[in-house]
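Okay, so here's the structure we're looking at.
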Number of protein chains: 2
Amino acid sequence: MSAETWLTQLHENGYRVTKARGAVVETVVQSKRALTPVEVYDMARKKYRALGLVTVYRTLEKLEELHLVQRVHQAAGCQAFISACQGHQHLLLCQNCGQATFFEGDDVEPLIQSVAKKTGYEIREHWLQLFGLCESCRNN
Amino acid sequence: MSAETWLTQLHENGYRVTKARGAVVETVVQSKRALTPVEVYDMARKKYRALGLVTVYRTLEKLEELHLVQRVHQAAGCQAFISACQGHQHLLLCQNCGQATFFEGDDVEPLIQSVAKKTGYEIREHWLQLFGLCESCRNN
DNA sequence: TTACTTGCAAACGTTTTGCACGATT
DNA sequence: AATCGTGCAAAACGTTTGCAAGTAA
């Protein structure tokens, strides 16, 4: 998905389209890795020098609210964000290069049903992440 | 598992058994919920007043290292810890009362194999958490 | 006795807030 | 013109570190 689409989404939800938001959105859309707010700040400032870190936080907050971005949980912490425009998806992360890949998790449904039955829970959300080595990192 | 077992484990790994560690361990072992360091601190201080927050952090670090405790990732963040004495397990969390239940995730293996095949990844770790309402919270 | 452990205070990095100025609609 | 968004500075927060005193082995 393109940065323009995201900006349109922001606009349609009553938010204004500004240079600062443009730089943040472009940075996150283009990245193949999950980025921390400071990483977004450093990268986006190459596109728009006057950008402030506070604006990065506030923009990421709005993007998360619109489900354009999702949080990535890792051993180091869970302050990293990645583009998530296709709705809820499961993540596969390369422990070497950090590259993130989404995968379909249809197979999770039966597991959820079975756990719900065994435990008496009503399950409302699930969250699955896999970690390993991507093809190109395996070959090095 | 009991607090004594944990303290023995600490001892066998070259760590000393102290009142401070006893209070932290007892608190975490007894809890059915994941606790943040500050929550552990507040609760453990009822058992040992002189306890410092720093010691809680340092003790949780050692317990995590020995795999007696595992980190719980939630929307609010990933600073909560829960007893994890049975090795790697999957968590089911009640969104209302916070109660945590472990469940077997044998069914995850085929999914992992299939993703590995499709993506070319070598998958080394996985991480699955379910969220919902526990039986007693559903009935209220 | 020795080395590990402790609590305190201070440092640190991250995230949030208050505010006057600036920009978008 | 009105409202929303901005960057700055400062505050708040969670976590880590240095250190001298205390404690387990």
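Order of the sequence lines sets the chain letters (A, B, ...), proteins ahead of strands, with each chain counted from 1. Because the structure is predicted, anything quoted here is derived from the model rather than measured.
Rounded to an integer number of Å, the gap from A/Phe81 CZ to C/dT14 C1' is 12 Å. In this structure, the CG atom of A/Asn13 is 20 Å from the P atom of D/dT3, given to the nearest Å.
When only modelled atom types and interatomic distance are considered, A/Tyr15 and A/Glu65 share a side-chain donor-acceptor pair under 3.5 Å.
Using a 30° and 60° split on the angle between ring planes, A/Trp127 and B/Phe131 fall in the tilted class, from 30° to 60°.
Looking at heavy atoms from C-beta onward, B/Gln129 lies out of side-chain contact with B/His90 at the 4.5 angstrom threshold. Counting heavy atoms from C-beta on, the side chains of A/Leu130 and B/Glu125 never come closer than 4.5 Å.
Considering only residues two or more places apart in sequence or on other chains, A/Cys134 meets the disulfide bond (SG atoms under 2.5 Å apart) condition with none of them. In this structure B/Leu7 satisfies the side-chain contact (heavy atoms from CB on, under 4.5 Å) test together with B/Leu10, B/Val17, B/Val25, sequence neighbours excluded. With sequence neighbours left out, the side-chain contact (heavy atoms from CB on, under 4.5 Å) criterion links A/Thr8 to A/Glu12.
Residues from residues 26-34 of chain B lying near DNA chain C, meaning a heavy-atom separation below 4.0 Å, are absent.
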Sequence-aligned protein contact record of nucleotides 12-21 of chain D, with B where the base is within under 4.0 Å of a protein heavy atom and S where only the sugar-phosphate is: --SSBBB---

Please tabulate, one pair per line, each protein N/O and nucleotide N/O from nucleotides 21-25 of chain C that are separated by under 3.5 Å, including the distance.
| residue | atom | partner | partner atom | Å |
| --- | --- | --- | --- | --- |
| C/dT24 | O2 | A/Arg16 | NH1 | 2.9 |
| C/dT24 | O2 | A/Arg16 | NH2 | 3.3 |
| C/dT25 | OP1 | A/Val17 | N | 3.1 |

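Salt-bridge check for B/Glu64 with B/Lys62: failed, with every basic side-chain N at 4.0 Å or more from each acidic carboxylate O.
If you check every strand for non-hydrogen atoms under 4.0 Å, B/Tyr41 touches nothing.
For the atom pair B/Leu133 CG and A/Ile123 CD1, the distance stands at 10.5 Å (nearest 0.5 Å).
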Residues A/Tyr121, B/Thr101; criterion side-chain contact (heavy atoms from CB on, under 4.5 Å); working and verdict: CA-CA 10 Å; A/Tyr121 264 70; B/Thr101 310; 3.5 Å; yes

